[in-house]
Amino acid sequence: MSSNPVAETVASLMPRARAELTELVAFRSVADFDQFPRSESEAAANWVADALTAEGFQDVALLDTPDGTQSVYGYLPGPEGAKTVLLYAHYDVQPPLDEAGWQTPPFELTEREDGRWYGRGAADCKGGLVMHLLALRALKADGGIPVHVKFIAEGSEEQGTGGLERYAEAHPGLLDANAVVIGDAGNFRTGLPTVTATLRGMTMMRVRIDTLEGNLHSGQFGGAAPDALAALIRVLDSLRAKDGSITIDGLTPDASWEGLAYDEEQFRKDAKVLDGVELIGDGTVADRIWARPAVTVLGIDCPPVVGATPSVQASARALVSLRVPPGIDAAEANKLLRAHIEAHTPWGARVSIEQVGQGQPFSADTTSPAYAAMAEAMAVAYPGQEMQYAGQGGSIPLCNTLAALYPHAEILLIGLSEPAAQIHAVNESVSPQELERLSVAEALFLRNYAAS
């Protein structure tokens with residue numbers, strides 16, 4: 001990284017950043033209070049509030065959102081007449097999944113031999129909170145922060161329960177800003193500065209199939225009695241063609257991605273696809289994960305193999321997710337998925353569908369001044385590299401809420417969740433080099449944007 005005062009300050013702050021991230025990762029702040037104590041999330045929220053207060057933020061508040069969680073808000077005034085920038089991250093995390101699969105404890109930030117820092121939330125998205133703090137501290141040490149800063153840390157992003165979205169809609173002036181930096185995305189790969197230009201939306205539903213009043217002996221009744229699990233399997237199989245492309249009636253998956261290319265062999269490595277196993281779908285990898293719909297069966301309720309009895313199953317359930325790219329309305333996609341499931345349920349079986357969640361896709365205006373300011377900043381933070389534009393298969397519903405509330409706002413998505421971070425999986429990690437470079441980029445962006 002080329003020498004400049006901001007970069008030097010961020011480098012000097014990295015030991016403090018590691019100490020703070022260690023404290024944050026230690027909170028088991030999973031916003032599923034049936035599995036994890038609410039007190040852990042509340043403690044993480046208070047940590048963020050204390051950090052903002054220590055940085056001079058005003059109006060620091062724990063916002064009780066409609067889903068029963070807390071978001072943390074603060075306002076740091078800048079020079080009179082300056083632009084306002086909203087910085088976003090979330091302090092809630094995914095469950096650790098199989099803790100036995102972690103090489104080091106998931107809630108203890110640990111540096112391993114590869115130099116990365118491991119722990120749940122290290123990249124997604126507690127590292128994003130630290131990134132924002134580093135950028136602000138670097139500017140304060142080098143002449144001051146040239147914009148008004150609003151800071152919001154969400155407490156239930158991973159659950160998708162919409163608490164902050166509903167709160168923002170009820171308090172429409174709270175998060176209003178000229179630009180928004182969402183610190184919950186990631187570079188295309190380590191060392192390649194990237195802004196996320198599109199997000200797929202999603203719809204999710206529980207599908208239940210019933211065929212019998214109760215389970216039956218498979219020897220006595222099997223072969224004629226309709227098997228609910230078999231019916232469910234046929235329904236789920238109808239969602240894909242032989243090559244894995246989706247085949248939902250009325251949904252045409254043929255769009256193309258025009259931006260950054262994703263090499264197939266690199267994707268296989270990033271996704272850790274087993275040798276000999278084919279990728280699914282058609283088109284380029286970027287087409288499949290950024291520009292086209294994708295259906296995934298997230299879970300099935302049926303008897304486990306261990307302890308199973310020789311029975312014809314009377315009922316079975318599945319949780320089905322459909323990701324939808326920009327250009328497709330999530331509500332319309334939801335109707336098509338529901339209609340497809342109903343039409344493809346065999347044998348006259350009874351099917352019931354429960355809507356779980358839904359969010360619209362998002363597409364940013366990459367021609368706005370904020371993107372020019374970020375491109376200039378990233379070129380300094382990543383010498384020799386030009387800022388790239390990529391999509392993201394995941395969803396951040398708040399982006400659409402902010403875009404609807406503040407159509408004038410320029411929304412940028414950056415962050416620490418590059419492929420090696422393995423967010424949502426075991427052994428999640430963050431690259432300290434990426435944390436350092438992106439903190440420099442964000443600081444320089446704020447300065448560039450203020451002058452634009």
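With a 4.5 Å cut-off on side-chain heavy atoms, Thr196 and Ile414 do not count as touching. Side-chain contact check for Leu109 versus Glu23: every heavy-atom pair is 4.5 Å or farther apart. The shortest distance between side-chain heavy atoms of Val320 and Thr296 does not fall below 4.5 Å. Contact annotation: the side chain of Val297 never approaches that of Leu319 to less than 4.5 Å [non-hydrogen atoms, C-beta and beyond]. Side-chain contact between Met387 and Val195 is present, with heavy atoms from C-beta onward closer than 4.5 Å. At a threshold of 4.5 Å between non-hydrogen side-chain atoms, the residues Gln388 and Leu192 count as touching. Taking the side chain as every heavy atom from C-beta outward, Arg338 and Val351 never approach each other to under 4.5 Å. By the 4.5 Å heavy-atom criterion applied to side chains, Ser429 and Trp117 are not counted as neighbours.
In this structure, a donor-acceptor pair under 3.5 Å is present between the side chains of Gln355 and Thr203. Looking at Asp254 and Thr252, their side chains never bring a donor and an acceptor atom within 3.5 Å of each other. For the 3.5 Å distance criterion, the side chains of Ser431 and Gln433 qualify, holding a donor opposite an acceptor. Inspection of the Glu434 and Tyr382 side chains reveals an N or O donor paired with an N or O acceptor under 3.5 Å. Donor-acceptor pairing under 3.5 Å is lacking for the side chains of Asn187 and Arg437. Remark: the His424 side chain and the Asp124 side chain contain an N/O donor-acceptor pair separated by less than 3.5 Å. Using modelled atom types and a 3.5 Å distance limit, the side chains of Asp365 and Tyr371 yield no donor-acceptor pair. If you check the side chains of Asp270 and Gln266, you find a donor sitting under 3.5 Å from an acceptor.
For Gln58, the CD atom counts as densely surrounded, since its 6.0 Å shell holds more than 12 non-hydrogen atoms of other residues, nucleotides or ligands. Other residues, nucleotides and ligands contribute more than 12 heavy atoms inside 6.0 Å of the CZ atom of Arg240. In Arg268, the CZ atom is crowded: over 12 heavy atoms of neighbouring residues, nucleotides or ligands sit closer than 6.0 Å.
Under a 3.5 Å cut-off, the side chain of Thr211 and the backbone N or O of Pro226 do form a donor-acceptor pair. Side-chain N or O atoms of Asp237 include none that pairs as donor or acceptor with a backbone N or O of Arg234 at under 3.5 Å. Formation of a donor-acceptor pair under 3.5 Å by the Thr65 side chain with backbone atoms of Thr69 is found in this model. The main-chain N or O of Ala330 is never found under 3.5 Å from a side-chain atom of Asn334 such that the two would form a donor-acceptor pair. Formation of a donor-acceptor pair under 3.5 Å by the Asp92 side chain with backbone atoms of Ser29 is not found in this model. Distance alone, capped at 3.5 Å, places no donor-acceptor pair between the Ser156 side chain and the Gln159 backbone. Side-chain atoms of Arg200 come within 3.5 Å of backbone N or O of Ile289 as a donor-acceptor pair.
Atom CG of residue Leu336 and atom CG of residue Leu322 lie 9.0 Å apart, to the nearest 0.5 angstrom. Atom CZ of Arg112 is separated from atom OG1 of Thr110 by 7.0 Å, given to the nearest 0.5 angstrom. Atom CG in Asp176 sits 9.5 Å away from atom CG in Leu86 (nearest 0.5 Å).
In terms of the side-chain hydrogen bond (donor to acceptor under 3.5 Å, both in side chains) criterion, Gln392 has no residue partners (sequence neighbours excluded). Scored by the ring pair (Phe, Tyr, Trp, His ring centres under 6.0 Å) test, Trp257 finds Trp290 as partners (sequence neighbours excluded). Applying the salt bridge (Lys or Arg N to Asp or Glu O under 4.0 Å) criterion to Arg323, with sequence neighbours excluded, gives no partner residue.
Between Arg120 and Glu428, at least one side-chain nitrogen of the basic residue sits less than 4.0 Å from a carboxylate oxygen of the acidic one, meeting the salt-bridge criterion. Salt-bridge formation is detected for the pair Arg28/Glu99: a Lys NZ or Arg NE/NH1/NH2 atom is positioned less than 4.0 Å from an Asp or Glu carboxylate oxygen. Comment: Lys126 does not engage Glu157 in a salt bridge, judged by the lack of any side-chain N to carboxylate O separation of less than 4.0 angstrom. Between Arg18 and Glu436, none of the side-chain N atoms (NZ, or NE/NH1/NH2) sits under 4.0 Å from a carboxylate O, so this pair counts as no salt bridge. Between Arg292 and Asp282 a salt bridge is recorded (basic side-chain N to carboxylate O distance below 4.0 Å). A salt bridge does not link Arg350 with Asp210: none of the charged nitrogens is closer than 4.0 Å to a carboxylate oxygen.
The minimum heavy-atom distance linking Tyr406 with Leu174 is given by the pair OH-N, 4.2 Å. In plain terms, the two heavy atoms of Tyr262 and Ala286 that are nearest each other are CB-N, 4.2 Å. Across all non-hydrogen atoms, the minimal contact from Val130 to Ala17 is CG1-CB, 3.7 Å. The shortest heavy-atom contact between Val72 and Ala45 is CG2-O, 3.5 Å.
Evaluation of the ring-ring contact (aromatic ring centres under 6.0 Å, His included) test over residues 320-340, restricted to residues two or more places apart or in two chains, returns His340-His344. Listed by first and then second residue, the salt bridge (Lys or Arg N to Asp or Glu O under 4.0 Å) pairs involving residues 385-412 amount to none (not counting sequence neighbours). Sorted by first and then second residue, the ring-ring contact (aromatic ring centres under 6.0 Å, His included) pairs involving residues 82-110 (not counting sequence neighbours) form an empty list.
Among Leu229, Val235, Leu236, the one residue that satisfies the side chain to side chain contact (heavy atoms under 4.5 Å, CB included) test with Ile233 is Leu229.
Ring to ring, Phe57 and Tyr73 are not that close: their centroids are 6.0 angstrom or more apart.
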